[in-house]
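Just so it is clear, the model here is predicted, and its values are computed rather than measured. Whatever order the structure lists them in is the order used to number ligands and atoms, beginning at 1.
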Amino acid sequence: MTSAWPNLSDLLQPAGATASVALVGAPLGAGSVTPGRCDLAPGELRKVLRRVGRYDTDSGRELSAVISDEGDVAIAGLDIAAATGLIKAAVRAAVAHHDLSLLVGGNNAVTRPGLLGMAEALGLGLDEVGLITLDAHFDLRGLEQGLSNGNPVRALREDGLPGRNIAQIGLAPFANSRAMHEDAIRGGHLVITARDVQEQGIGKSVDFAMDRMEGLKAILLDCDIDVIDRSQFPAAPGARPGGMPANDFFSAVRRISADPRVRVIDLAEWDPPLDATDLSALTAGRWLAEVLAGFERRS
Ligand SMILES: [Mn+2]
C-alpha cells in the first residue's frame with residue numbers, strides 16, 4: 001500500500017479481506033420522485049477514489065482503514081419494494097462482520113433497508129436505534145403511492161422507529177411542505193434547518209443531534225448529498241441554492257463517524273450525469289475520506 005500518491009483506492013480491497021469497514025453498493029434508481037441515474041453512483045465513487053489522497057494536513061495522519069468492497073447488490077430493474085429485502089440482507093451481513101458499513105446508493109430509498117438491516121444484524125429493536133439525516137428534506141412524503149426516495153423516514157416511522165430517535169439536519173426552505181414539517185415536530189424529531197446550521201454553526205448542530213442519540217445502541221447516518229448547496233454539488237436533483245456549505249457537510253460527517261455506535265453510513269441521491277464537471281464526484285470522494293477520518297478517531 002505504499003506509492004508515490006497514497007490514495008483512497010489503495011484502501012478498497014476485494015470482499016473477503018480483513019477489514020473493519022465494508023462498502024456495499026446499492027444502485028437503486030427506481031422510484032425517484034425525479035427520475036435519474038443514481039444507480040451509477042457506486043461505480044463512479046469507486047472510480048474517483050484514486051484522486052483522493054490519504055494524508056490529512058489537518059491531523060497529520062494518513063488514512064489506513066481497509067475497506068472490504070462487497071460489490072453491488074443485484075437490484076437492477078427492481079422497484080424499491082422488491083429491492084428492499086436484498087439491500088437489507090446485504091447490510092445485515094456487512095454489519096455482522098464489520099465495525100462500519102458504508103451503503104452507497106442509489107436514491108434515498110436505500111436508507112430504510114439500511115436501518116432495518118443494521119437493527120437485525122445487532123438484534124436490536126427499532127426503539128434502540130437512531131437515525132441522523134443530513135438532508136435538505138424531511139423524507140416524510142406519504143406512502144399511499146408506494147415507496148419512493150421521498151418517504152424513507154415516513155416508512156421507518158411506520159415500521160416502528162420512534163420519532164424521538166430521529167435527528168434531521170439541513171432542512172431547506174421552499175423544498176418541504178408545512179405538513180411534513182409539522183409532522184416531524186409532532187413526531188418528536190429533532191429538526192435543525194439549514195438556517196439553524198448557518199446561525200448556530202455545524203459544530204453545535206452536531207452536538208444537539210448527538211445529544212438526541214444518547215442512550216441509543218446503534219446509529220445510521222444518512223447522507224443525502226442534496227443537503228449540500230447546489231453550486232457545490234450540482235449532481236443531486238434535490239439540491240437547491242442556499243444549501244449547506246460542503247465544508248459543513250464534511251465536518252459533520254467526520255464528527256458523527258467518530259461515534260462507535262454509528263454502524264451504517266449511507267450516501268444517497270448522487271446522480272452523476274447531472275454534473276458535466278468532476279466537482280460532484282470529487283465531493284463524493286471527499287465524503288469517504290471524511291468518513292474514514294472520523295472512523296479512525298474511534299478509540
Ligand atoms: Mn432525502
Output the atom name for the N/O/S atom of [X] with the smallest distance to the Mn ion (ligand 1).
X: D224; value: OD2
X: D135; value: OD2
X: D139; value: OD2

Less than 4.0 angstrom from a charged side-chain N to a carboxylate O is my criterion; do D10 and R54 meet it?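 A salt bridge is present here (some side-chain N lies under 4.0 Å from a carboxylate O).
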
Answer yes if M210 and M244 sit in the same cluster of Ile, Leu, Val, Met, Phe, Trp and Tyr residues linked by side chain heavy atoms under 4.5 Å apart, and no otherwise.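 Linked within one cluster.
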
Sub-3.5 Å donor-acceptor pair from the side chain of R154 to the main-chain atoms of L140, do we have one?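 Pair found, side chain donor or acceptor close to backbone of L140.
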
Can you tell me if, anywhere in N108, an N/O/S atom lies at a distance from the Mn ion (ligand 1) that is smaller than 2.8 Å?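 Yes, N108 qualifies, because one of its backbone or side-chain N, O or S atoms lies under 2.8 Å.
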
Going by heavy atoms in the side chains, are L116 and P113 under 4.5 Å from each other?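 Counting from C-beta outward, L116 and P113 never come under 4.5 Å.
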
